[in-house]
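Report on the following structure.
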Amino acid sequence: MLNLMQSSSLRIGFCVAAAAAALAGCRYDPVQAEKIRALPPEDAQGTRPEHRAGQPCVDCHSTYEGAEPKLAIAGTIFSQTAKGYLNGVNGVFVTIHDSAGATYKACTNTTGNFYITTADLQGIDDFAFPLTVSVAGVKMNSLIGRERSCAGCHKLASVDRIDRDPGVDPATGQARDSAGAIVIDPTYLSALERCGPTSIVAPSGAGGAGGAGGMSATTTATGTGGAAPVAAGAGGNAAGSGTAGGNL
Amino acid sequence: MSLKHGKRMALLAVAFVGVLGSTGCKQEGLSEGLPTVCPSRVIYVEQVSELMERRCGTLDCHGTDFAPMRLLGRDGLRHAGEGNRTGDAPSTDAEKSANYFSACAVEPEKIAKVLQDAGGNAVNTLLLVRKARGQEGHKGGKVFDPWDDSDRCIVGWLRGDAEANISKACQAALAKLP
């Protein structure tokens, strides 16, 4: 009797262990895990929204890795100095149109990072891919098929990449397999394309109100560059800025 | 004994090099053997390639070295032997030809059957068509509706429609892309 009970407990235990192993196995994605492992160490920004400029944000800010907030799309906008160095551009709108006709605007923060969180996609589960994007009035040439991290395709230069492909532009990272950093010239930005200011010392809760015709801005916890859906054709610009909000 | 052993080792080495060599030759020859069973290369290069480059060949989809059906082009992955970078020079003939081989290599035997079944339903069974229509598992989901302009561009090429019709469908599809 005891043996029978022991045997059935063992069987149940085995089944539970097998199920747990199977679930863990399903979740583990070696490709994604390797991408995350290959990222450089955390920078001086810590885990603030300004951190890891130019890196593929949604590799970690995803259901897979679990970093918060979960991001629907994110990237970094740079300008280039005369010597070729890249600097993040603060306070510029990135406009994203999805295939269902929805338009979203996100504002870059002090390191040029912008993002739209999954919570910003009010009322819908996800973007309708493919997406089109414009920054500073310049439309991206290609569609976005499914990549949520701009840096997934707009890869920066790195020693590894240059070792593998000498054709990589050492300044922007542009190569045969990458469009390179997203570089704009902030000198010629019109007022309509500017947003912010996006100071990270802003008091929380002072998120900006949407511009005329726009929907309410969505602010982030730290009050930096946020995002908001915009009613198509309404002309509203809703910036989730901590200090001044939508300032157009 | 050691002489025999040496000879055996030498034979093994030669056989190993031979196997390596033949494997390399097979891969080289694979794409070159395909055009005999694939629809018009000229029509693909002139009419179809641009649509597939722009709609399917983005860097995050088929424009990557890791995609089984790899597509090359101006705003996606560039040809490894030409020194161009993404977004720079227009798509080259070599890239469009490489795209042709990619499309043909998905199901070469089935494509040959489609060619023998002009106007028939065989085209609807191709993975190339079914994936784009969302009828088959596809990471990019449904890309074309059956018989919309994009679909008719590709299907028209596959089943050997008149070039004027293919061109009309491809141009209409391109005009609709954002």
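In what follows, chains are A, B, ... by sequence order, proteins preceding strands, each numbered from 1.
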Margin query: A:Phe78: which residues meet the ring-ring contact (aromatic ring centres under 6.0 Å, His included) condition with it, sequence neighbours left out?
Written below: none
Notebook entry, point to check: Any side chain to side chain donor-acceptor pair (under 3.5 Å) pairs touching residues 111-121 of chain B, not counting sequence neighbours?
Noted result: B:Asn121-B:Asn124
Check: Does B:Cys170 have any side-chain contact (heavy atoms from CB on, under 4.5 Å) partners at least two apart in sequence or in another chain, and if so, which?
Finding: B:Gln47, B:Val48, B:Cys153, B:Ile166
Would you list the atom pairs in which one atom of chain B and one of chain A form a donor-acceptor pair under 3.5 Å?
from: B:Asp60; atom 1: OD1; to: A:Gly145; atom 2: N; distance (Å): 3.4
from: B:Asp60; atom 1: OD2; to: A:Gly145; atom 2: N; distance (Å): 2.8
from: B:Asp60; atom 1: OD2; to: A:Arg146; atom 2: N; distance (Å): 2.7
from: B:Asp60; atom 1: OD2; to: A:Glu147; atom 2: N; distance (Å): 2.8
from: B:Asp65; atom 1: OD1; to: A:Arg176; atom 2: NH2; distance (Å): 3.3
from: B:Asp65; atom 1: OD2; to: A:Arg176; atom 2: NH1; distance (Å): 3.0
from: B:Arg78; atom 1: N; to: A:Arg176; atom 2: O; distance (Å): 2.8
from: B:Arg78; atom 1: O; to: A:Arg176; atom 2: NE; distance (Å): 2.9
from: B:Arg78; atom 1: O; to: A:Arg176; atom 2: NH2; distance (Å): 3.1
from: B:Arg85; atom 1: NE; to: A:Gly167; atom 2: O; distance (Å): 2.8
from: B:Arg85; atom 1: NH2; to: A:Gly167; atom 2: O; distance (Å): 2.9
from: B:Thr86; atom 1: N; to: A:Ala175; atom 2: O; distance (Å): 2.9
from: B:Thr86; atom 1: O; to: A:Gln174; atom 2: NE2; distance (Å): 2.6
from: B:Thr86; atom 1: OG1; to: A:Ala175; atom 2: O; distance (Å): 3.2
from: B:Thr86; atom 1: OG1; to: A:Arg176; atom 2: O; distance (Å): 3.3
from: B:Thr86; atom 1: OG1; to: A:Ser178; atom 2: N; distance (Å): 3.4
from: B:Asp88; atom 1: OD1; to: A:Gln174; atom 2: NE2; distance (Å): 3.1

Notebook entry, point to check: Which atom names give the shortest non-hydrogen contact between B:Cys61 and A:Gly145, and what distance separates them?
Noted result: SG-CA, 3.7 Å
Note to self: Counting heavy-atom pairs closer than 4.5 Å to chain A, which one of B:Pro178, B:Gly57, B:Gly87 comes out on top?
What the structure shows: B:Pro178
